[in-house]
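Letters A, B, ... mirror the listed sequences (proteins, then strands); counts begin at 1. Everything numeric in this text was worked out from a predicted model, so none of it was measured.
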2 protein chains.
Amino acid sequence: MKPQRNTRQRQLVLQVVQAHHDHPSADQIYLDVRKIDEKISRGTVYRNLHQLSVNGDILHVRIPGVDRYDCRIDLHYHLLCTRCGAVSDLELPYDARLDEKIKEETGYEVERHRTIFEGICPECQ
Amino acid sequence: MKPQRNTRQRQLVLQVVQAHHDHPSADQIYLDVRKIDEKISRGTVYRNLHQLSVNGDILHVRIPGVDRYDCRIDLHYHLLCTRCGAVSDLELPYDARLDEKIKEETGYEVERHRTIFEGICPECQ
DNA sequence: ATGGGTGCAAAGTGTTTGCAAGTAT
DNA sequence: ATACTTGCAAACACTTTGCACCCAT
């Protein structure tokens with residue numbers, strides 16, 4: 001892996017993601033970071049979000065429409081309110097046996113699976 | 001529900017999706033339909049894909065990057081090769097009890113869940 | 001005839017990238 | 001000093017939309 005620099009901007013992005021517990025989108029993170037450093041650019045935020053998730057410092061959550069980021073880095077499942085867009089973490093334990101099972105059935109080198117529950121949250125009902 | 005018209009274009013889009021067993025993207029469908037009707041526009045294809053999936057005639061599969069469409073309309077899980085982008089259906093039965101469980105735990109009106117396994121297919125390994 | 005559907009092109013949305021200048025190491 | 005990173009803006013990829021005309025019902 002290339003040597004990486006711990007720039008002020010990267011620290012800032014990480015810090016903002018970790019301060020959130022609601023799975024912010026890149027743009028929300030950009031706006032938040034922007035409150036602290038009013039010069040930082042969108043490109044930099046996107047680049048750092050990418051870098052940080054590759055490094056395993058944050059988790060990239062693929063939600064339909066917009067990608068979100070999560071400060072929890074263990075594998076876990078998500079719950080999406082299809083009305084208001086809220087995303088939350090689920091306590092349901094990650095089932096690693098499924099990956100093994102699918103690997104045996106298909107010959108794929110299964111790395112992981114992603115599960116998103118979709119529904120309407122209590123507030124939106 | 002509004003009355004809907006069964007236009008030549010809509011039939012064509014449905015027909016092309018049903019002829020595929022490899023989860024084509026909107027653009028692949030557009031290109032295919034285009035071979036038959038060289039006047040049809042992208043907008044029309046997108047509009048019809050949307051309409052058809054709302055009607056339940058086809059399934060909208062949200063894959064990172066591009067949305068895909070599936071002629072299988074029962075709930076099932078998918079397997080994505082993160083190298084070549086191939087998507088396939090899995091035989092793993094849909095676990096409806098999970099939806100019930102999450103509903104009880106969270107108070108959400110859980111409608112469904114989507115699971116995508118990610119890995120490297122035998123050819124790409 | 002009526003109003004849903006079409007083709008076209010323009011506009012959106014979210015993200016990536018080329019480049020010259022800046023800065024962590 | 002080196003080369004990773006930044007800010008900026010332009011470019012991208014994918015999708016949606018406004019509009020005038022068309023056609024299934």
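The base of C:dG5 has none of its N or O atoms less than 3.5 Å from a complementary donor or acceptor on the side chain of B:R8. Contact of B:R10 with C:dG4 (side chain to base): no donor-acceptor pair of N or O atoms is detected under 3.5 Å.
Residue B:N6 is classed as a sugar-phosphate contact, given heavy-atom separations below 4.0 Å to backbone atoms only.
To the nearest angstrom, P of D:dC23 lies 15 Å from CD of B:Q11. Counting to the nearest Å, the C1' atom of C:dT16 and the CD atom of A:Q51 are 14 Å from each other. One can place CG of B:L49 at 15 Å from P of D:dT17, the figure rounded to the nearest angstrom. One interatomic measurement links the two molecules: CZ of A:R62 to P of C:dT15, which rounds to 11 Å at whole-angstrom precision. Between B:L12 atom CG and C:dT6 atom C1' there is a gap of 13 Å when expressed in whole angstrom units. Atom CG in B:L31 sits about 13 Å away from atom P in D:dT15, given to the nearest Å. Look at CD on A:Q28: it is 15 Å from P on C:dT13, rounded to the nearest Å. Separating the CG atom of B:L14 from the P atom of C:dG5 is a distance of 15 Å, rounded to the nearest angstrom.
If A:Q9 and B:A26 are placed on DNA chain D by their nearest nucleotide, the residue sitting closer to the 5' end is A:Q9. Mapping B:R42 and B:T7 onto DNA chain D by nearest heavy atom places B:R42 at the nucleotide closer to the 5' end.
Across D:dT16, C:dT16, D:dT17, the shortest atom-to-atom separation from the side chain of A:Y46 is found for C:dT16. Candidate nucleotides D:dC4, D:dC14, C:dG7 were compared by shortest atom distance to the side chain of A:P3, and D:dC4 ranks first. Minimum atom distance to the side chain of A:R5 is reached by D:dC4, of the listed D:dT6, D:dC4, D:dT15. Taking every side-chain heavy atom of B:N48 into account, C:dT6 is the closest of D:dC8, C:dC8, C:dT6.
In terms of heavy atoms, B:D70 sits closest to B:V17 at C-CG1, 4.2 Å.
Ring pair A:H78/A:H23 is perpendicular by interplanar angle, where above 60° counts as perpendicular and below 30° as parallel.
Two residues are said to be in side-chain contact when any heavy atoms from C-beta on lie closer than 4.5 Å; B:H20 and B:Y69 fail this criterion.
Phosphate contact (OP1/OP2 of C:dG7, side-chain N/O of B:T44, threshold under 4.0 Å): present.
Atom CD of B:Q11 is surrounded by more than 12 heavy atoms from other residues, nucleotides or ligands within 6.0 Å. Environment of CD in A:Q125: crowded, with over 12 heavy atoms of neighbouring residues, nucleotides or ligands closer than 6.0 Å.
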